Amino acid sequence: MSGSVRVRFAPSPTGHLHVGGARSALFNWLFARHHHGTYILRIEDTDRSRSTEEHTQALQEALLWLGLSWDEGPPTPGYRQTERLDIYREHAERLLAAGRAYRCRCTPETLEAQRREAEARKETFRYPGTCRNANVPASEPHALRLAIPHEGQIVIHDVVRGDVVVSHAELDDWILVRTDGTPTYNFCVVVDDVTMGITHVIRGNDHLSNTPKQLLCYEALGYPVPVFAHISMILAPDKTRLSKRHGATAVLAFRDLGFLPEAMVNYLARLGWSHGDQEIFTLDEMIEHFDLARVGAADAVFDREKLEWVNHQWIRRLPAERLARDLEPFLARAGLPPARDAAWLARVVESLRERARTLVEMAEQATFYFKAPAGYDPQATARFWKEHAKERYALLIKRLEAQEAMDPAALEGLYRFLAADLGLKLVDLAQLTRIALTGRTASPPIFEVVSILGRTETLARLKAAAAAAGSAR
RNA sequence: GGCCCCAUCGUCUAGAGGCCUAGGACACGGCCCUCUCAAGGCUGAAACACGGGUUCGAAUCCCGUUGGGGCCA
């Protein structure tokens with residue numbers, strides 16, 4: 001395979017891009033990049049009532065955030081179905097002229113009655129082909145139906161599922177164009193895919209059942225069929241369809257929850273795809289190793305815990321400067337004042353990255369760097385503010401005031417020396433300091449914290465704690 | 001309801017007939033490391049849905065059952 005590969009992601013702008021759609025986009029994108037092909041974004045907005053411009057924009061924003069940019073698509077005209085109505089009409093006319101489609105004047109009422117009769121007979125209703133040879137004149141209100149063969153079967157050659165065989169008898173003469181003149185979903189998809197030269201259709205397994213109908217349409221149009229790959233669905237932990245009821249499902253919601261695009265894409269790729277025992281992949285590594293033949297057929301459960309772990313891995317390996325930039329909106333949202341400067345914020349990030357699974361967590365954990373503790377954890381003070389607390393704080397203040405070097409190693413030396421001097425363990429002084437600086441008993445390494453906070457701020461907080469510890473007793 | 005798809009630890013997966021006393025990862029437990037929390041190292045518990053075949057031999061192939069999902073209605 002070479003540069004001739006053309007794939008597409010074709011979402012309907014009827015809602016936010018959810019994780020399932022994002023994974024379809026990702027697999028198409030990876031496949032295109034791996035084969036140096038073309039990745040197209042097509043907006044399937046024929047459902048005028050539910051499609052909105054807001055969703056169309058949000059969809060693109062989400063895709064771009066994930067890093068999945070498209071080679072062809074909006075804002076270039078011609079990639080929205082509503083801009084392609086002439087193309088559908090033209091193809092419908094061709095099918096009609098070729099005798100592969102016919103006008104049907106059956107009313108919804110008639111069809112509904114027939115459906116009920118079939119149901120009463122415990123049969124599955126299929127359009128009986130009433131108008132197939134009726135030569136309904138164009139002047140009458142009519143829908144357009146595809147004339148499909150009565151006998152035989154159709155087979156889908158699916159890269160992930162193998163051959164799927166469906167008997168023609170299971171299908172019926174489905175509607176290509178409704179009485180009101182609007183083309184149906186399945187018809188648009190086929191026309192779009194052929195006219196856009198799509199070579200591989202990679203989409204969710206929920207489309208597998210539509211594929212036989214579409215295949216018959218390709219055939220009627222006389223076009224070659226693309227290669228199909230129906231990838232598995234993403235399920236909720238209770239193995240039902242993923243929905244808002246299960247928490248966040250929209251890609252942009254995960255962004256706002258503090259997940260990184262690298263992590264999102266990495267996690268999504270590992271759902272149904274693997275490469276040995278490797279768990280963490282850069283986009284480049286995914287492009288290099290991605291292979292449709294190695295995509296699994298079984299549905300996958302979306303696991304927030306593992307996503308958080310992957311996110312943590314990315315928080316640990318991305319450059320601190322980059323994380324600092326991404327963190328800023330979360331700091332602002334937490335009501336914290338702006339950082340002194342980028343380099344300082346990078347140090348903050350550096351100290352926090354080992355323990356934050358999301359940027360929201362990181363912003364929360366960063367609070368004490370921006371403002372002195374509003375109070376002290378009662379459990380902490382009860383445990384550490386014993387009789388000697390005040391005098392130990394005083395000693396620490398005295399030593400720190402005399403301390404020149406404020407790098408973590410030097411500070412550790414100071415603390416160890418003082419602890420030995422007092423016959424204490426390092427932990428005793430460290431925890432007293434931690435409570436004073438952060439209000440809690442858990443934080444990044446305390447000498448890092450002191451170093452980042454600086455002498456002035458550290459001393460101020462130690463003095464405040466000394467006073468509080470004194471009055472607490 | 002009809003048709004289609006799927007089925008390895010709780011979850012994501014490796015496994016493409018003998019390499020399997022079924023491997024890795026998340027989560028969970030223990031130990032170690034340690035200024036706290038993390039991170040890390042070691043370690044433990046944890047799966048081939050069930051039943052028939054095929055084969056010298058099946059997690060791997062076939063059939064059925066069950067369960068889940070999807071499409072159409």
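Chain naming here is simple, since letters A, B, ... match the order of the sequence lines and numbering starts at 1 in each. These numbers come from a predicted model, not from an experiment.
Here A39(B) presents its P atom at 15 Å from CZ of Arg353(A), a figure rounded to the nearest Å. For the pair Lys122(A) NZ and A73(B) C1', the interatomic distance rounds to 15 Å; values are reported in whole Å. What separates NZ of Lys425(A) from P of C35(B) is a distance of 11 Å, to the nearest Å. In this structure, the CG atom of Leu432(A) is 16 Å from the P atom of C35(B), given to the nearest Å. Rounded to a whole Å, the CH2 atom of Trp309(A) is 12 Å from the C1' atom of A27(B). Residue Phe125(A) contributes atom CZ, which lies 12 Å from atom C1' of C72(B) at whole-angstrom precision. Atom-to-atom, CG of Leu215(A) to P of C4(B) comes out at 16 Å; the value is rounded to the nearest Å.
Within the nucleic acid shown, Thr240(A) comes within 4.0 Å of sugar-phosphate atoms alone, with no base atom in reach, counting heavy atoms only. No engagement by His207(A) is indicated, since no non-hydrogen atom pair under 4.0 Å with the nucleic acid exists. Within 4.0 Å (heavy atoms only), Pro444(A) reaches at least one base atom of the nucleic acid. When heavy atoms are screened at a 4.0 angstrom cut-off, Leu208(A) is found touching the sugar-phosphate backbone but no base atom. Using a 4.0 Å heavy-atom criterion, one finds that Arg357(A) contacts the sugar-phosphate atoms exclusively.
Remark: Glu350(A) does not engage Arg316(A) in a salt bridge, criterion side-chain N to carboxylate O under 4.0 Å. Salt bridge annotation for Glu119(A)-Arg115(A): absent, with no cationic side-chain nitrogen under 4.0 angstrom from a carboxylate oxygen. The residues Arg399(A) and Asp421(A) are annotated as salt-bridged, a charged nitrogen and a carboxylate oxygen being separated by less than 4.0 angstrom. A salt bridge links Asp193(A) with Arg42(A): the closest approach of a Lys/Arg side-chain nitrogen to an acidic carboxylate oxygen falls below 4.0 angstrom. Taking a cutoff of 4.0 Å between a charged side-chain nitrogen and a carboxylate oxygen, Arg440(A) and Glu364(A) qualify as a salt bridge. Under the 4.0 Å criterion applied to side-chain N and carboxylate O atoms, Glu308(A) and Arg304(A) are assigned as salt-bridge partners. One finds no salt bridge joining Asp428(A) and Lys425(A) here, because no Lys/Arg side-chain nitrogen approaches an Asp/Glu carboxylate oxygen to under 4.0 Å.
C28(B) and U11(B) have their C1' atoms separated by 12 Å, with the value rounded to a whole Å.
Here C72(B) sits opposite G1(B) as a Watson-Crick or G-U wobble pair (both hydrogen-bonding atom distances under 3.5 Å). Pair assignment for A45(B) gives none, since no Watson-Crick or G-U wobble pairing has each distance under 3.5 Å.
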I'd like a list of close polar pairs between nucleotides 6-8 of chain B and the protein, N/O only, cut-off under 3.5 Å.
none

Do any N or O atoms of the protein come closer than 3.5 Å to N or O atoms of nucleotides 14-16 of chain B, and which pairs are they?
from   : atom 1 : to        : atom 2 : distance (Å)
A14(B) : OP1    : Ser274(A) : OG     : 3.3
G15(B) : OP1    : Arg294(A) : NH1    : 3.1
G15(B) : OP1    : Arg294(A) : NH2    : 3.4

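RNA chain B is contacted by both Leu426(A) and Ser209(A); Leu426(A) maps to the nucleotide lying nearer its 5′ end (nearest heavy atom per residue). For Glu412(A) and Glu112(A), each mapped to the nucleotide of RNA chain B holding its nearest heavy atom, the one lying further toward the 5' end belongs to Glu412(A).
Candidate nucleotides C26(B), A27(B), A73(B) were compared by shortest atom distance to the side chain of Glu119(A), and A73(B) ranks first. The side chain of Thr124(A) approaches G2(B) more closely than any other nucleotide in the set A73(B), G2(B), G24(B). In this structure, the nucleotide among C26(B), A39(B), C4(B) sitting nearest to the side chain of Val164(A) is C4(B). Proximity note for Glu170(A) (side chain, C-beta onward) versus A73(B), A39(B), G2(B): the nearest is G2(B).
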Open item on the list: The test is salt bridge (Lys or Arg N to Asp or Glu O under 4.0 Å); show your working for Arg416(A) and Glu412(A) and say whether it passes.
Closed with: CA-CA 6 Å; Arg416(A) 285 193 185 279; Glu412(A) 179 166 353; 2.9 Å; yes

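Checking His246(A) against Asp238(A) by side-chain atom types alone, a donor-acceptor pair falls below 3.5 Å.
Distances shorter than 4.0 Å separate none of the side-chain N or O atoms of Arg440(A) from OP1 or OP2 on U36(B).
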